[in-house]
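Fair warning: this is a prediction, and the values are worked out from it, not measured in the lab. The chain is numbered in sequence order, starting from 1.
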Amino acid sequence: MKLLYPFITELTCTFQIDGKWEEIPCVKESGELILFRLQDGSISISLTPVSFGWSFVMEAKTSFATQVRLAVTMEGELDAYHVIPCNIYGDNNIDRVKPGEFPSLTRKYKGTRFCSPFWKFRADRAAVPVSMMCNGGNTVGISICPYSQEEEKQKNIHNGVFAALPGTAGVSMGYENLPATFVDKGNAGEITGESVQNAKAEGLIYLLEGKGRMAMHDIVRMEYTKLHSRAEYKKSLQEAGAAIIRSCIDLNWNNEWQAYTDMSCCPPQKPDLKAWRPVYEIGWTGIAELACPFIMGEKLLGLPKNYFEKARNGWELFDQIADAFHEESGLLNDLVAPVDESGSLVNGWWIWYHIAEDCHYAYNNGKAVHEMLKTAEFLHNRGEAYPEHWLSVCLKVLDTIIALQREDGNYGYTYSHNEKKVLDWDGFAGCWFLPCMVYAYRLTGEEKYLDSARKAETFYSKYVLDLNCYGTPMDTWKAVDEEGNLAFVRGTRLLYETTGEKKYLEHLEAGACYEYLWRYGYASRPENDPLKDGWNSCGGSITSISNPHIHPMGVIIDGDLRYLAAATGDEYHRMRADDSTAWMMQNLELYPEKSGYGQYGITSERFCPSDGLVTERYSDGRPYSSWFSFNLWATANVLEAIMDLLAEEEKE
């Protein structure tokens, strides 16, 4: 159907029969109501005007299995910028990555796996079940409830979302994963789908003028209001925090390696966790993630000095990191001990992901320095001393970064390990130095650190405002991700807190809203244990378009989201933070009864809310929607979020 709306050229409705798609005619317009219907009335779609576009209802009562699509086409000579949350952000940086590792909405690389000008996903693959696109200042979105009830068969049907170049966004009752089922990097599953015969679905079409890509945040907010359902949990923050620290000491500390370890098992045949990798990394997935909340836990939970017994406490872990300073590069070695016979202190487990040479990484250095300075400020604000050599080493690293910082504010992505030099400028991971610089200014009063932070914020904000943060975790290379923006949120919060300048509050809100493009606002319905009963995806954030699972890292900015809510008076941000707290607390309570292994006080890094990355299997072959690898950083991030909450409660 042709439309007169200024930037919408067509509204189409189709259904599937005998493997082909047929158009459903627009049979009449009653007032402002738009109605699509087959002649026999077995399929109908009615659209009713609302203030921002239309609401719609799809209904099917057919004698055959079908799917029903509703699509909106946008005018414009160039390709629209498409977003399906957690899946598609433009072309997912196809020219920066290795084609064929994850979905890319592109005309390039024809015949290459995962490269296609048309992508369709199960709707619950998205943190918000909506397909959006922007061309110029105008934005279109179309959403659908992620599930329909098949009345006669009394079962749930998964619905779908799709995007097509140059400018079409759509939804479907029933779904297909096209052109393939994206399981994980390099793993294309068979096309899957579900059809309906007697079902109903509702949704909204958003037509928003003038705000460009930022209007997508308005769509996310409206969808959240409609779908929100928070997780439930029973235990207290204090119980959870104490249990996590105890679990780290009892399970993860390995006397032989003199290190904390990542662990794994395979129930029901092998339910006992066994160490499989020492945690020698300094940041990101490393020991800084433990050290900060360990020290906060000592103070906030009143743990005795000898509580860690033979295991290293947070003070000792930070000493290890400080000792990793490398004079030639002016940065920290990425490892405190080699992980293999090469003896390398820069090449960790991530080295197999398109890494071309030995180098330092902004993510490791920035996150390790961040955790150390955050801890120093925590102790300082309590009137307690922190080791001076921590600050000294952190400042040496930051002085190197300032010396290398480009005039536009870019800190770089990778660095030489034998001289002070940036090797690769392209990536968002350097943003972790932004909050570090503000902490350094607050601890020293030296203006150069604040000046550097201001320049960096100007540079990295462009990624966030473009909805295209990429190049943070090394194992996803230059894929669009959720992780790097966490640094931006922390940095802008600290800048606003320190300077009071309004632009930093505005950018803090932009960073928060970018996070919500990855953070589930509703309860999905996983099909497999341990998540299929009593678990709620609401509040959990997907890692990247490369790794389609929820991980716990997003919880570390929940304090910043609550700060934003207080600063703006907008309770929406507090609700999103409270969702995250509930999400992480319920995860802890999966162990050990539902998880089949472990104990209360641990949590995995992988939770599969939909059909992506369900690659784990029980020892008897059944699919498992989480992971039997207990990687310590995930629990450490949860512990840090709990400690941040307890620290705020202590101030009140």
*Enclosure of K421 NZ (heavy-atom neighbours >12, cutoff 6.0 Å)*: no
_Can a donor-acceptor pair be found, under 3.5 Å and without considering hydrogens, that links the side chain of N92 to the backbone of I94?_
no
_Just to verify, which of F182, F102, Y109 counts as forming a ring-ring contact (aromatic ring centres under 6.0 Å, His included) with F114?_
F182
_For I84, the option from V161, L517, L105, V130 that meets side chain to side chain contact (heavy atoms under 4.5 Å, CB included)_ = V161
*Is the closest basic N to carboxylate O distance between K478 and D424 below 4.0 Å?*
yes
*Please assess F607 against H551 for the test ring-ring contact (aromatic ring centres under 6.0 Å, His included), listing each intermediate value before the final yes or no.*
CA-CA 6 Å; F607 297 90; H551 68 158; over 10 Å; no
*Is any side-chain N of the basic residue among K374 and E640 closer than 4.0 Å to the acidic one's carboxylate O?*
yes
*Is there a donor in the side chain of H360 and an acceptor in the side chain of S329, or the other way round, less than 3.5 Å apart?*
yes
_Distance flag, aromatic centroids of Y89 and W518, threshold under 6.0 Å_ = yes
_Looking only at the side chains, is there a donor atom on one of R454 and Y504 sitting less than 3.5 Å from an acceptor on the other?_
yes
_Backbone of E457 reached by a side-chain donor or acceptor of S461 within 3.5 Å_ = yes
*Hey, mind stepping through F162 and W119 against side-chain contact (heavy atoms from CB on, under 4.5 Å) and telling me if it holds?*
CA-CA 6 Å; F162 63 89; W119 267 97; over 6 Å; no
*asked:* Using only atom types and a distance under 3.5 Å, with no angle test, would you say the side chain of H326 pairs donor to acceptor with the backbone of H417?
replied: yes
_Modelled atom types, side-chain donor and acceptor of E281 and Y361, under 3.5 Å_ = no
*asked:* Apply side-chain contact (heavy atoms from CB on, under 4.5 Å) to residues E483 and S544 and explain how you reach the verdict.
replied: CA-CA 8 Å; E483 296 183 32; S544 66; over 6 Å; no
_Nearest heavy atoms of I144 and A123, plus distance in Å_ = CG2-CB, 4.3 Å
_T192 versus E176, side-chain donor and acceptor atoms under 3.5 Å_ = no
*Kindly compute the distance separating OG1 (T106) from CG (D95), expressed to the nearest 0.5 Å.*
7.0 Å
*Test D579 against every option in Y522, Y224, Y520 by the side-chain hydrogen bond (donor to acceptor under 3.5 Å, both in side chains) rule and name the one that passes.*
Y224
*asked:* For a quick check under 3.5 Å, do N587 and W535 share a side-chain donor-acceptor pair by atom type?
replied: yes
_Is a donor from one side chain sitting under 3.5 angstrom from an acceptor on the other, for D124 and Y147?_
yes
*Does a side chain donor of either Y363 or D334 reach within less than 3.5 Å of an acceptor in the other side chain?*
no
*What distance do E289 atom CD and N637 atom CG have between them, rounded to the nearest 0.5 Å?*
5.0 Å
*asked:* Would R96 and E101 count as a salt bridge (Lys or Arg N to Asp or Glu O under 4.0 Å) here? Give the steps.
replied: CA-CA 12 Å; R96 289 185 172 92; E101 291 203 338; over 6 Å; no
*Any side-chain donor-acceptor pair under 3.5 Å between W627 and E616?*
yes
*Flag, side chain of R490 to backbone of N485, donor-acceptor distance under 3.5 Å*: no
*asked:* Please evaluate residues L465 and M214 with respect to the criterion side-chain contact (heavy atoms from CB on, under 4.5 Å), reporting the C-alpha separation (whole Å), side-chain torsions for both, the decisive distance (0.1 Å), and the verdict.
replied: CA-CA 7 Å; L465 298 175; M214 292 299 97; 4.1 Å; yes
*Presence of salt bridge, D558 and R576, under 4.0 angstrom*: no
_Salt-bridge contact K455-D408 (side-chain N to carboxylate O under 4.0 Å)_ = no
*Value rounded to 0.5 Å, distance of CG in L467 from CE in M216*: 6.5 Å
*Among side-chain atoms of E515 and H573, is any donor-acceptor pair under 3.5 angstrom?*
no
_Nearest 0.5 Å, please: how far is OG in S625 from CG in D611?_
12.0 Å
*Check for a donor-acceptor pair, side chain of E605 on one end and backbone N or O of P552 on the other, with a separation under 3.5 Å.*
no
_Among D262, T261, T285, which residue satisfies the side-chain hydrogen bond (donor to acceptor under 3.5 Å, both in side chains) criterion with R277?_
D262
*asked:* Side chains of N410 and Y460 only: does a donor on one sit below 3.5 Å from an acceptor on the other?
replied: yes
*asked:* I need the minimum non-hydrogen distance between S604 and A634, along with the two atoms involved.
replied: O-CB, 3.6 Å
*Please name the pair of heavy atoms, one in C394 and one in L373, separated by the smallest distance, quoted to 0.1 Å.*
CB-CD2, 3.7 Å
_Tell me the closest heavy-atom pair linking F118 and A164, and the distance in Å._
CD1-CB, 3.7 Å
*Do Y516 and Y514 make the cut of ring centroids closer than 6.0 angstrom?*
no
*Are N177 and K120 linked by a side-chain donor-acceptor pair shorter than 3.5 Å?*
no
_Are more than 12 heavy atoms, taken from residues, nucleotides or ligands other than E407, located less than 6.0 Å from that residue's CD atom?_
no
*Mind checking the OG1-CG spacing from T615 to D184? Nearest 0.5 Å is all I need.*
5.5 Å
*Can you tell me if T112 uses its side chain to pair, donor with acceptor, with the backbone of C115 under 3.5 Å?*
no
*If you round to the nearest 0.5 Å, how far is CD1 of I550 from CZ of R606?*
13.0 Å
*Just checking, any donor-acceptor pair under 3.5 angstrom between side chains of E223 and S143?*
yes
_Would you say the rings of W477 and W352 are close, in the sense that their centroids are separated by under 6.0 Å?_
no
*Going by atom types alone, do T603 and T635 pair a side-chain donor with an acceptor below 3.5 Å?*
no
*Is the NZ or CZ atom of K367 both under 6.0 Å from the centre of the six-membered ring of W432 and within 45° of that ring's axis?*
yes
*Has the side chain of D481 got a donor or acceptor atom that lies under 3.5 Å from a matching backbone atom of G484?*
yes
*Take W349 and W284, measure what ring-ring contact (aromatic ring centres under 6.0 Å, His included) needs, and give me the verdict at the end.*
CA-CA 12 Å; W349 60 266; W284 179 29; 5.1 Å; yes
*Donor-acceptor contact present, side-chain D91 to main-chain N93, <3.5 Å*: yes
_Pair Q405-S452, side-chain donor/acceptor within less than 3.5 Å_ = yes
*Can you list the steps and then say if R213 with T139 is a side-chain contact (heavy atoms from CB on, under 4.5 Å)?*
CA-CA 7 Å; R213 296 181 192 182; T139 304; over 6 Å; no
*Run the ring-centre check on F428 versus Y470 and record whether the distance is less than 6.0 Å.*
no
*Is a side-chain N or O of S172 found less than 3.5 angstrom from the main chain of G174, in a donor-acceptor match?*
yes
*Are any side-chain N or O atoms of R125 and backbone N or O atoms of P609, one a donor and one an acceptor, separated by less than 3.5 Å?*
no
